[in-house]
Amino acid sequence: MSAFAQRLLAWFDQHGRHDLPWQHPREAYRVWLAEIMLQQTQVATVIPYFTRFIARFPDIHALAAAPLDDVLALWSGLGYYARARNLHRCARQIVAQYGGTFPRTLEALMELPGIGRSTAGAILAQAFGQRTPILDGNVRRVLARYGAVPGWPGTPAVQKRLWQLAEALLPDERMADYTQAIMDLGATVCTARKPACVRCPVAPGCAALAQNAVAEYPHPRSKKKRPQRHARLLLIRNPQGQLLLERRAPLGIWGGLWCPPLLGELHLASGTWAQILLDTASRVRQLPPLRHAFTHFDLELRPLQIELDAMPELICEPGQQLWVSLSTLSHLGLPAPVRRLIEQSFSLGST
DNA sequence: AAGACGGGGTG
DNA sequence: CACCCAGTCTT
């Protein structure tokens, strides 16, 4: 067994995290759900979502039987909604194809929607104790430093080196603990900024530390500036004070979520109809704009509040548009910034 | 090989 | 504000 793995396991027993909700019990369904939630999302954010999910969907059969809308509603606020759609598809596929039991090979797991190599490795190691590496953001950073691996980890060549290193350092036993340990090390000691090398159990073998160049690894991605985009957000209310929502297309930004009609960028199918409605409306009020940052562009939402004197005819297919009272908003899957803007706009009796 | 895909945390 | 985070999928 590598000295790296030995030192890491000994450190984990003393300083690792042993109380995360998905560790008790450490079974495939819970490990899988946690791994999907933890993609690009931090532990502290995930925990309350994980707890709510398990309470609502205690096993994979419950999840597979649920409507996608219920899953999206519980996911609202976590972002990357393709994860929730894949999660739901994956649950149904595991039930249909494997009778609700997770497959135990890397190849079979990676066939499933939303499960890539790292998530498949995490499930095999944590739930089944198999000797399979993972490579998430924390592990990438730990290994890039430990092996002084040059280059930006986003490139295939660097990825390949890191996977090889991850494989080479695996222990002969205790795979579940080891997998948790290397993530804990990245999260609490080998952090992105101000790493605590004095507390690091594997400092004796760390190549970057030996070069006194820990901060040089991993090499950051080349930076590029984000384009600015903007859109009208139409907060349309009928005479009963209900708000009009429309289901967004399944793919793309906020895919499958409910959202008031948008004009301009990110527009919905009803764009033309909404434009006409806007042109003929009499009571229109501008609300303060909201800025929202995505990974790849900045979005400014410019809300208009529109109070209708009569019910208009809706133009979309049934089930794609919805009048909702403000009090039932919380049960629907809306983008978090949009939800906040609506609550803010209507909270102080500003009708 | 590069881009799409959210939202929250941190210094 | 800039950067980071328990990645995967598509083109």
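Chain letters run A, B, ... following the sequence lines, proteins first, then strands; residues in each count from 1.
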Visitor: Check whether any side-chain nitrogen or oxygen of A:R340 sits under 4.0 Å from OP1 or OP2 of B:dG8, and answer yes or no.
Guide: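 Checking B:dG8 against A:R340, a side-chain N or O does come within under 4.0 Å of OP1 or OP2.
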Visitor: Using whole Å, report how far CG of A:L135 lies from C1' of C:dT8.
Guide: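 After rounding, the reported distance stands at 13 Å.
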Visitor: Could you tell me how far apart A:F297 (CZ) and B:dA2 (P) are, to the nearest whole angstrom?
Guide: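 It works out to 22 Å between those atoms.
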Visitor: Between atom CD1 in A:I47 and atom C1' in C:dA6, what is the gap in whole Å?
Guide: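 Roughly 12 Å, once rounded to whole Å.
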Visitor: Taking only the side-chain nitrogens and oxygens of A:T119, find out if one of them lies under 4.0 Å from OP1 or OP2 of C:dA6.
Guide: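 No, outside the criterion.
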Visitor: Just how far, in rounded Å, is P of C:dC4 from CD of A:Q40?
Guide: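 Going from CD in A:Q40 over to P in C:dC4 covers 12 Å.
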Visitor: On DNA chain C, nearest-nucleotide positions of A:W22 versus A:L112: which is more 5'?
Guide: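 Here A:W22 is the residue nearer the 5' end.
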Visitor: Whole angstrom is fine here: how far is it from OH in A:Y81 over to C1' in B:dG6?
Guide: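 So the two atoms are 6 Å apart, to the nearest Å.
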Visitor: Would you kindly compare A:N86 and A:A34 by the position of their nearest DNA chain C nucleotide and give the one closer to the 5′ end?
Guide: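 Its nearest nucleotide lies further toward 5', so the answer is A:A34.
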Visitor: Please determine whether the number of non-hydrogen atoms from other residues, nucleotides or ligands lying under 6.0 Å from atom CD of A:E111 exceeds 12.
Guide: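 Incorrect, the count does not exceed 12.
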Visitor: Send over the distance from A:M37 CE to B:dG7 P, rounded to a whole Å.
Guide: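 To the nearest whole Å, that distance equals 15 Å.
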Visitor: Calculate the interatomic distance between A:H292 atom NE2 and B:dG8 atom C1'; express it in whole Å.
Guide: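 One finds 10 Å between C1' of B:dG8 and NE2 of A:H292, rounded.
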Visitor: Does a donor on one side chain sit under 3.5 Å from an acceptor on the other, for A:Y217 and A:Q211?
Guide: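 Note: A:Y217 and A:Q211 side chains meet the donor-acceptor criterion.
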Visitor: CG of A:L185 versus P of C:dA6: gap in Å, rounded?
Guide: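 Atom-to-atom, A:L185 to C:dA6, this comes out as 12 Å.
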Visitor: Assess, by modelled atom type and distance only, whether the side chains of A:Q305 and A:S345 contain a donor and an acceptor separated by less than 3.5 Å.
Guide: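 Checked: A:Q305/A:S345 side chains show no N/O donor-acceptor pair below 3.5 Å.
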Visitor: With heavy-atom distances below 4.5 Å as the criterion, would you say the side chains of A:Y146 and A:L169 are in contact?
Guide: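 They are in contact (side-chain heavy atoms under 4.5 Å apart), so the answer is yes.
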Visitor: Taking OP1 and OP2 of B:dG9, is either one under 4.0 Å from a side-chain nitrogen or oxygen of A:Q42?
Guide: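 Result: no.
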